[in-house]
Amino acid sequence: MSQYNFKKTQDNWRDKWFDNNLYEAKDFSPKPKKYILAELPYPSGAQLHAGHIMRYTVPDVYSRYLRMKGFNVLFPMGWDAFGLPAENYAIKTGVHPEVTTKKAIAAMKESLKQIGYGIDWTREVSSADPEYYKWTQWLFLKFYENGLAELKEMPVWWDDVSKTVLADEEILTTKEGVKISERGGNPVIRRNLKQWVLKIPQYAEKLIAGLETVDYPDAIKNAQMNWIGKSDGANIDFKIDQQKVTVFTTRIDTIYGATFLVLSPEHPLVDQITSSEQSDIVKKYQAQAKNKSDMERTETKDKTGVFTGAYAENPFSHEKLPVWIGDFVVMSYGTGALMAVPAHDARDFEFATKFNLPIKQVIKPTDDTKVTLPYSEDGILTSSDVFDNLTSSEAQQKMTEQAENQSFGSKKTNYKMRDWIFSRQRYWGEPIPLIFVEPDGHTEEVLDLPVILPSVPDYTPSSDATSPLARNTEWVSTKSKDGSPAKRETNTMPNWAGSCWYFLRYLDPHNDKEFASMDKLKYWMPVDRYFGGAEHTTMHLLYSRFWYQFFFDIGLVPNSEPYQWRLNGGLLLGPDGRKMSKSIGNVIDPMTIAENYGADALRTFICFIGPYTDTYPYNENGVRSCWRLMKNIYELKDKVTDGVEDTNVSKAYNKMVKNITSMFEDLKMNTSVSEIMIFTNQLKDVEKIDSKVWNGFLRVLAPLAPFLAEELWQELNHYTEWKNENSVHVQPWPEFDEKILENETITIAVQVNGKVREQIEITPNESEDSVKQKVMLNENVLKWTQFREVVKFIYIPNKIVSIVTN
RNA sequence: GGGCGAGUGGUGGAAUGGUAUACACGAAGGACUUAAAAUCCUUUGGCAGCAAUGUCGUAAGGGUUCGACUCCCUUCUCGCCCACCA
């Protein structure tokens, strides 16, 4: 018996496949297309890590299956090559990030080939390649030209370790309420800086509407909806002497219960309305709030605030309401001012209780249940003048109408989503292709793209919020279109920029006239299946939808949603069940596993471990069992011969093909591996295996274990030299015969009063009468039915009999 | 505080209204071996029983149904996301 040498097998077929580009996706092929996409990796470190294997294995198995099913499959790969780790490494060592990145890319590409991912490498792209980022810059300029990119002075999150601004999405809040950076966990502080922003809130409605047309799990849709944070309500003006303050409310129906207003301490009106008696105390509070970091603001659960001495008139009830300021009201949402209805809002209730302000109930429940305040549900209005007895929603409509008719308010929709801060004060990113023309400093586009990222002697970020590029004075000074002196924008784009459109470049990677041709976009888009990480739900996945929707609006792409379908994958934990971490020392290196057990065993293990979406601890014994499976399959080959007839094997074979076909369609790779194991165990028990069965089995095996399947396929067919069309991976997916699966008899269970008491044999589609006769005379059934009256006899054909007695 | 998801053997998991625990790991016993590894065979949800079998059992409680891990309600626990967002 020959021994399975997985290393030799892998080395051999890997070169054959990739040297001949076996997995090429053909533009405009008459076959139906499938675009299978997995998030592109960041090329750090030397090689692949466990996360990549978890992310790419199932998509690869699936795309291999589709290819055999006759689809023109695009399964591409590229590199999200800009980013902090390479830059931080450069700061430490002085080696240019380009050098380290290229090295990492080469090593990772080699690893991806070793695992046997069926990637079309002719379409490889790297976001740090000038040929690529030329188009990232070009696309950015489309935003600029259409008023969606804007320079804006605003409070931003500043990472004080990395010395750069970060977007809202890149900030996490710890359990203690401390704000930190998502990458690196560095402390962040608030700073006012002038930044490029992309006005993603303008696409809020389209981003919401688009979710209805795509097939994403509800969890992702919910998270994006939540992040966009749409609230329908109204802006209402309250008069304060000659001034007026506008508040945003989603509950205008509670306005008769408003007993005070609260303004953000930074609200511009505060200085004008504060009475002279309150002036000192207000100024002191404002100063305190300003010095308080956001961390401290959120840390103190206790509400604080001070009275301004001013009173505002409720436009409905004409009551005079005291105006307070409080730092729980943030300037960046709504109007920075709110009407407090302590009876119907928990925060207002807390504030009113603390400062002894009146609490007035104006909503009662629709039924007679007693309420404890604060009661924040909808209900029936009371103590609300002419609006009494209306429901909340009726009142909201009528009151908003009245406010609009009398010009003291209007319907208003607010979003939690903010402008996307798009400048980074770092080196290793795409230069923003704009210049500031002197003397007035107005911005102008750079027409000659790409703006190449210049070399600098020193990558260290500066604490004065300028980019390392700013120190390259020669590069910074340039000329405008009409020859005026100008200075370059020295900030770079965030890491997310390149990945917002990479899936479009795969479609036309070598086009130097366009970012991608419309014909190719029309052929391939949208992405049919997109696999990625859950951490990108409100970042990359939302950003790239925004870009794509905008491109659609300006006619650059053929449809409005980039991804038709999306699934988030889980993680591989260390053997101890904890997240892999160098400091804990529980990091599993997939390439070592591949080295020890073979790429096929590793792939099969990753599939077998459980559904794609879940997270699992690593288990070495699990890999060993898959390695054993490979070995067992290999050893079966000596039993293969022509003309073996075996009904049991034939049945098992057809069942396996049938089951795996539907499991692959549903991406249930874990149970597919079970089916392979069950069938293999069966083959181990027979003397001889028919070559036709073996032929089909190898094709079913091919997506999961591409190397082993290729080895045995080539041997079975006695191929002596390599030809692409002879590869197992381009063979048609095997058919199965339902007829062979039909048995002469079926065993079904008999339940008496819900408990299984007997199993009987019936012929397929046997009549109810005949089955009933068999069942009612059965001795084990009689034990439970005699001396009782059979009230009901239920027969579900070919499945079960259920008897009810009294 | 809000939203979403999940709870099944010692472990990863299977079963989406029809015989709960497929497949695999681990464990126990046995075969082979001087021995070990590897390999092979047997057993493996709890309780009672030599066994046939009975009985309980999918976080807890209730409901719908001939029949519920699966659908509905209540509670508990865990995970993830968001969070003074008016």
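All chains are named by letter (A, B, ...) in the order of the sequence lines, taking the proteins before the strands, and each is independently numbered beginning at 1. Fair warning: this is a prediction, and the values are worked out from it, not measured in the lab.
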Margin query: Between the side chains of A:K199 and A:D419, is the shortest nitrogen-to-carboxylate-oxygen separation below 4.0 Å, so that they form an ion pair?
Written below: no
Margin query: Nearest heavy atom decides the nucleotide; on that basis, is A:N414 or A:A223 closer to the 5' end of RNA chain B?
Written below: A:A223
Note to self: Rounded to whole Å, please give me the gap between NZ in A:K230 and C1' in B:rA86.
What the structure shows: 17 Å
Notebook entry, point to check: For A:Y616 and B:rG12, is the shortest distance between a side-chain N/O and OP1 or OP2 below 4.0 Å?
Noted result: no
Next item on the list: Could you label the plane-to-plane angle of the A:F351 and A:W324 rings as parallel, tilted or perpendicular, counting under 30° as parallel and over 60° as perpendicular?
Entry: perpendicular
Next item on the list: Would you please classify the geometry between the A:F316 ring and the A:F408 ring as parallel, tilted or perpendicular, with 30° and 60° separating the classes?
Entry: perpendicular
Margin query: Using ring centroids (six-membered ring only for Trp), state whether A:W627 and A:F605 fall under 6.0 Å.
Written below: no
Check: OP1, OP2 of B:rU55 versus side-chain N and O of A:R757: anything below 4.0 Å?
Finding: yes
Notebook entry, point to check: Within less than 4.0 Å of OP1 or OP2 of B:rC56, is there a side-chain N or O belonging to A:K755?
Noted result: yes
Next item on the list: Could you check how far CG of A:D345 sits from P of B:rG2, rounded to whole Å?
Entry: 13 Å
Item checked: From B:rU55, B:rC25, B:rA86, nucleotide with atom closest to A:N619 side chain -> B:rC25
Check: Could you state the NZ-P distance from A:K668 to B:rG12, rounded to the nearest angstrom?
Finding: 20 Å
Next item on the list: Name the orientation of the base relative to the sugar in B:rG9: syn if the glycosidic angle is within 90° of 0, else anti.
Entry: syn
Next item on the list: Round to a whole Å and report the spacing from NZ of A:K772 to P of B:rC66.
Entry: 16 Å
Notebook entry, point to check: Counting only Watson-Crick or G-U wobble pairs whose two distances fall under 3.5 Å, which nucleotide matches B:rA31?
Noted result: B:rU39
Margin query: Less than 3.5 Å apart, any donor N or O on the side chain of A:S410 or A:N235 sitting next to an acceptor on the other?
Written below: no
Notebook entry, point to check: When we call it a touch if two heavy atoms are under 4.0 Å apart, what does A:I609 touch: a base, just sugar-phosphate, or nothing?
Noted result: sugar-phosphate
Next item on the list: Taking atom C1' in both B:rA14 and B:rC25, compute the distance separating them and give it to the nearest angstrom.
Entry: 15 Å
Notebook entry, point to check: A:M663 or A:G229: which one's nearest nucleotide on RNA chain B is closer to the 5' end?
Noted result: A:M663
Using a cut-off of under 3.5 Å, enumerate the N/O to N/O pairs linking the protein to nucleotides 20-24 of chain B.
| unit_1 | atom_1 | unit_2 | atom_2 | d |
| --- | --- | --- | --- | --- |
| B:rA24 | OP1 | A:N681 | ND2 | 3.1 |
| B:rA24 | O2' | A:S625 | OG | 3.3 |

Margin query: Would you say that A:M539 contacts A:W496 through its side chain, given a criterion of any heavy-atom pair below 4.5 Å between the two side chains?
Written below: yes
Check: Expressed as a whole number of Å, how far does the P atom of B:rU58 sit from that of B:rC71?
Finding: 15 Å
Check: Taking atom types as modelled and ignoring hydrogens, do the side chains of A:S393 and A:D378 form a donor-acceptor contact shorter than 3.5 angstrom?
Finding: no
Item checked: Watson-Crick or G-U counterpart of B:rC25, or none if no pair lies under 3.5 Å -> B:rG10
Next item on the list: May I ask you to decide if the ring planes of A:Y612 and A:F531 are parallel, tilted or perpendicular, using 30° and 60° as cut-offs?
Entry: perpendicular
Check: When you measure from the side chain of A:K792, which nucleotide among B:rU19, B:rA86, B:rC66 comes out closest?
Finding: B:rC66
Checklist line | Inter-nucleotide P distance (B:rG57, B:rG67), Å rounded | finding: 15 Å
Next item on the list: Using the C1' atom on both, measure B:rG26 against B:rG45 and round to a whole Å.
Entry: 15 Å
Next item on the list: Can you tell me the distance, in whole Å, between the NZ atom of A:K799 and the P atom of B:rA15?
Entry: 15 Å
Next item on the list: Please state the C1' separation for the pair B:rG13 and B:rC66 - nearest whole angstrom.
Entry: 31 Å
Note to self: What's A:K684 touching, base or sugar-phosphate or nothing? Going by heavy atoms closer than 4.0 Å.
What the structure shows: sugar-phosphate
Check: Mind checking the C1' distance from B:rU19 to B:rG30? Whole angstroms is fine.
Finding: 32 Å
Check: Across the strands shown, which category fits A:S231 at heavy-atom distances under 4.0 angstrom: base, sugar-phosphate, nothing?
Finding: sugar-phosphate
Notebook entry, point to check: Is the number of heavy atoms from other residues, nucleotides or ligands within 6.0 Å of NZ (A:K658) greater than 12?
Noted result: no
Check: For B:rC71, which nucleotide in any strand shown is its Watson-Crick or wobble partner with both distances under 3.5 Å?
Finding: B:rG63
Next item on the list: Round to the nearest Å and state the distance from A:N632 atom CG to B:rC40 atom C1'.
Entry: 11 Å
Next item on the list: Write down the partner of B:rG5 under the Watson-Crick or G-U wobble criteria, each distance required to be under 3.5 Å.
Entry: B:rC78
Note to self: What is the distance, to the nearest angstrom, from the CD atom on A:E635 to the P atom on B:rA38?
What the structure shows: 15 Å
Notebook entry, point to check: Between the side-chain atoms of A:K303 and the base atoms of B:rC84, is any donor-acceptor pair under 3.5 Å?
Noted result: yes
Margin query: How many whole angstroms separate atom CD of A:Q759 from atom C1' of B:rU19?
Written below: 6 Å
Note to self: Taking the C1' atom in each of B:rU33 and B:rC40, what is the distance between them to the nearest angstrom?
What the structure shows: 13 Å
Notebook entry, point to check: Is it true that A:K774 and A:E761 have a side-chain N and a carboxylate O under 4.0 angstrom from each other?
Noted result: no
Next item on the list: Could you check whether A:P611 gets within reach of a base, just the sugar-phosphate, or nothing at all, counting any heavy atom under 4.0 Å?
Entry: sugar-phosphate
Notebook entry, point to check: Partner of B:rG54 by Watson-Crick or G-U wobble geometry, both contacts under 3.5 Å, or none?
Noted result: B:rC47
Check: Any idea which of B:rU19, B:rC82, B:rU55 is nearest the A:N226 side chain?
Finding: B:rC82
Notebook entry, point to check: When rounded to the nearest Å, what value does the distance between C1' atoms of B:rG9 and B:rG46 take?
Noted result: 10 Å
